[in-house]
Each structure stands twice: as C-alpha cells, then as structure tokens.
Protein chains: 2
Amino acid sequence: MPKKARSSRRREESLSRESIVEASIDLLDRSGEDGLTFRALSERLTTGPGAIYWHIANKSELLTAACDAIVARTIEATPSGVETKANIRDLALGLFDAIDEHPWVGSALAQAPGAMPMVRILERLGQQVSALGVKEQARWEAVGTLLSYILGVGGRNAANGQLARERNLDRSDFLEAVAAAWSQLDPNIYPFTRSIAGHVRDHDDRVDFLAGIDLILRGVGSSRKR
Amino acid sequence: MPKKARSSRRREESLSRESIVEASIDLLDRSGEDGLTFRALSERLTTGPGAIYWHIANKSELLTAACDAIVARTIEATPSGVETKANIRDLALGLFDAIDEHPWVGSALAQAPGAMPMVRILERLGQQVSALGVKEQARWEAVGTLLSYILGVGGRNAANGQLARERNLDRSDFLEAVAAAWSQLDPNIYPFTRSIAGHVRDHDDRVDFLAGIDLILRGVGSSRKR
DNA sequence: ACCTGAACACCGTTCAAGT
DNA sequence: ACCTGAACACCGTTCAAGT
C-alpha cells in the first residue's frame, strides 16, 4: 500500500463554492437569516473563516448564491405545459412554496435586484407572458407587475417567518397576534383594518396569493381588448 | 438673576422618543441603511448609547418608528378627493416618491409586517377600494394585491438605492450596469431578459409603477363584471 | 426618572504565515 | 493554489453607577 487513503488527506471533500453554498442553505434553513455567519459556516465546514473568502467574495454574494440555488431548482422543477396562464400560475405557486419553505429566500431575492435569481424568474415570466400574445409594449408592464407582486408577497412572507422565529412562535401564532392587535385599533380611524382582522386570522396565504395573480392576469387580459 | 439660563442646564433639548426618531431619519437619509447605528446616533444627540434604550426598545423598533414617521407624513399629505381611482393612484404615487426620497423606508416597510406603517397604508387603501364598490369578498383580494405590489416595488427601489450607494453610483448608473450585464446573457437561454435590457436602461420607474397600479385596477374592475 | 459609558458577546473582513 | 486563524474595526445591547 504505497499511499494513505486518498479521502483522508485533507478533509472529507475539499472546499468548493458549491459545498459552501450547500452548507449555507442548511444553516439558513435551520436558524434563519442571521444564522448564516462566517464563523458558524467555517465551523460546519471545519475550516477557518478566511478559507471561505477564497471561494466567495463576501457575505452578500454568498446569500445571493444560496438564494439562486433554491430559485434555480424551483424553476427547473416547474415545467411549462401548453396552457400559458396555468404555467404562470404554476411558476408563481412554485416560488411561493419555495419561499414558504425557505423564508430567507424572500428577503435575499429583494436584496439582489438584477442578479441571477431575479433574472431566472424574470425570464420564465417573460416567456410565458409573451406566449400569452401580449404585445411588445404591454409586455414589460405585465411582467414587471407580476414580478413586483411576487417579490412583494415573498418579502412579506419572509418577514413573517423571521419575526415568528424571533418570538418563538409558529407562523399562525404570529398572524394570530397581528389579528389581535388589529382588532384593538380605534374603529373610527381604522375601520377597514379592523374589519379584515378576522380574515388575517384564518385565511390561506396561498389561496390569497393565487387570487392576486389571477387578478393581475385579468388586468392583462382586459388591456388587450382595448 | 437667580438661575442660569434654562436652556443650558443639560442639553439644548432633552432626549425624547421624537427627537431620537428625527435624528434617525436624518442619519438614514444621509448615510443609508447601515448609517443608523446606536453609536452614530448617540454621538449626534450627544449622549451615550445606553440613553437611547431608555426611550426605545431596540434597533428594529427604532427603524420601524422612523419608517412610520415618513409614512404618516406621506399619507397625511395625500388628501382624498371624490374620484376613487385617482385617490388610489395618488396614494400609491405618494408612497413611491417617499421611498424614492428615503430608500430605507422601502426595506423597513417590508421588515415590519402588521406594524403601524403598514396598517396606515392598508387602511387608506382599504377605504378607497371599499368606496370603489368592491364587495366584501373581493375587497381583500384587491387590497392585498395592491399592497403587495406597492411593497414589492418599494423593496426593489430600496435595494437599488442601497446597492447604488455601496458602489458609489447614482441610481441611473446602477441601472445602466444592470442593463449592460443583461445584454450579455446567452440569447438562447435568456431571450426575454435580453430583449428588455434596453427598456431597463431608459425607462421611467414612476411611469412603470403607475402602469402596474392601473393594470391591477383594471383586474379589479373586470372581476366585478363577472 | 433619566442619563453615562465601560463592558460583553458578537459580527464581516483582512492578511501574514503556512502547506 | 488553497487554507489557517489571529487581529482589526466595528456592531447591538446591558448594566452598574451616577445625577
């Protein structure tokens, strides 16, 4: 036996951008946005914090890369069929579910405008809206609105998840607390907010989200007829 | 003259929640999101960092309070007239401009779901949508969609402003850089994104934003007719 | 009641030194 | 080429001590 076993030479597997991103995702899923730390990460990878900087420029690039990995998988797992509106709905729902499962993705997405993860979403959305027969001029309007809406919902879901975690509640307990606070607002000043407090308590986020997508798609449709 | 001049006893004016919030806004406007620091703030107010904690629970409460002050002023400065859709447009544009002027408001808004600044927006939006004659059931759908859209655009604008600042560019130079990056994407994989790179370069954010509001309002309208 | 400021337990990032 | 880990320049927050 001329050499020692190859695998134990340095580390189980040597550091790579990919393994760093994978460990980051795990850390983020397990302990939320501020669970991602160069120290925690390097401990998990049995290195020093400096080693990570050989593969990744800085923390924001790391967060965006982790976000991009999730978004890429999500889009890949959402095939496009023949019915265009259904494709848009499926894409939107896929993203919604991904953010629900990884709340940090929602805020990472918002922090990296123009970067890869957003481009993937933009492209898919754009192709489908084009297939809808929307003309050049109105296309960006439709795609931009859908994108902003999806990011807006995603951002709020991310914040809900983060706040719930900070207060050691689950999501529904947190929404319950919001509803309770809203029902105690002055009815003369905040009649509407009070009136929907009940809805907040027992609504299905996912259903509401899809209703918004459909509402926007209706608007796109009615613009074509003008 | 029995006493020393009153004003020089302690400080020009004693510390208060209000003065702390005001100084925070100034700091945030001047140096962006991470310009708000308990040390910078206490230096500006000529106190120690601990003094601030007597008036405010923690940093996130401080950020939300600063955000709320801007939102409250903005809404107050946007009176409602008789034409409901115009009121919704005015409110949305007022918020857009406020976020444009204070980019940090966009991300502060997203970080405090269910809190006061969001409630103010929700309430105004809800009252107007109700006045539009939308029935109970569809009301939340319309309001929620508008709110998410506005927050989504606000969050992206905040991120654009923040990134531009970090790279010492102004907003349009930053968008220019995004457009340049997009035009170099592989045309086989990213045809749509490439095709709108030009639009990103010379569009007017404000016009696009309003187009989205109108698109959503069209969707609300067409749902009533079903 | 309100303020002071040192101290604590962290951060992200850098960089000389190692292999 | 890649990794190590101490060091730097910060953070938010707490708290004994002051007025």
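Residue numbering restarts at 1 for every chain, and letters A, B, ... go by the order of the sequence lines.
Among all heavy-atom pairs drawn from A/Gln128 and A/Ile88, the shortest one is CB-CG1, 3.6 Å.
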Check against ring-ring contact (aromatic ring centres under 6.0 Å, His included), B/Tyr149 and A/Tyr149:
CA-CA 4 Å; B/Tyr149 173 72; A/Tyr149 173 72; 8.3 Å; no
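Across all strands shown, A/Leu36 has heavy atoms under 4.0 Å from sugar-phosphate atoms exclusively, and none from any base. Across all strands shown, B/Ser42 has no heavy atoms under 4.0 Å from either base or sugar-phosphate atoms.
As rounded to whole Å, 13 Å separates atom C1' of C/dC11 from atom CG of B/Asp34. The distance between atom CZ of A/Phe38 and atom P of D/dA9, rounded to the nearest whole Å, is 20 Å. One atom, CZ of A/Arg39, and another, P of D/dC11, lie 15 Å apart when rounded to the nearest Å. Distance, B/Glu33 CD to D/dC11 C1': 15 Å, rounded to whole Å. Per the geometry, CD belonging to B/Glu43 stands 15 Å off C1' belonging to D/dC11, to the nearest Å.
Using Watson-Crick or G-U wobble geometry with both donor-acceptor distances under 3.5 Å, D/dC15 finds its partner in C/dG5. When both distances must be under 3.5 Å, the Watson-Crick or G-U wobble mate of C/dC10 does not exist.
Side-chain atoms of B/Asn87 and B/Thr78, non-hydrogen and from C-beta on, never get closer than 4.5 Å to each other. Here the side chains of B/Met118 and B/Cys67 are not in contact, with every heavy-atom distance at 4.5 Å or above. With a 4.5 Å cut-off on side-chain heavy atoms, B/Tyr190 and A/Arg120 count as touching. B/Leu122 is listed as a side-chain neighbour of A/Trp182, based on a closest heavy-atom distance under 4.5 Å.
Looking at residues 50-64 of chain A, you'll see A/Gly50, A/Ala51, A/Trp54, A/His55 sit with a heavy atom under 4.0 Å from some atom of DNA chain D.
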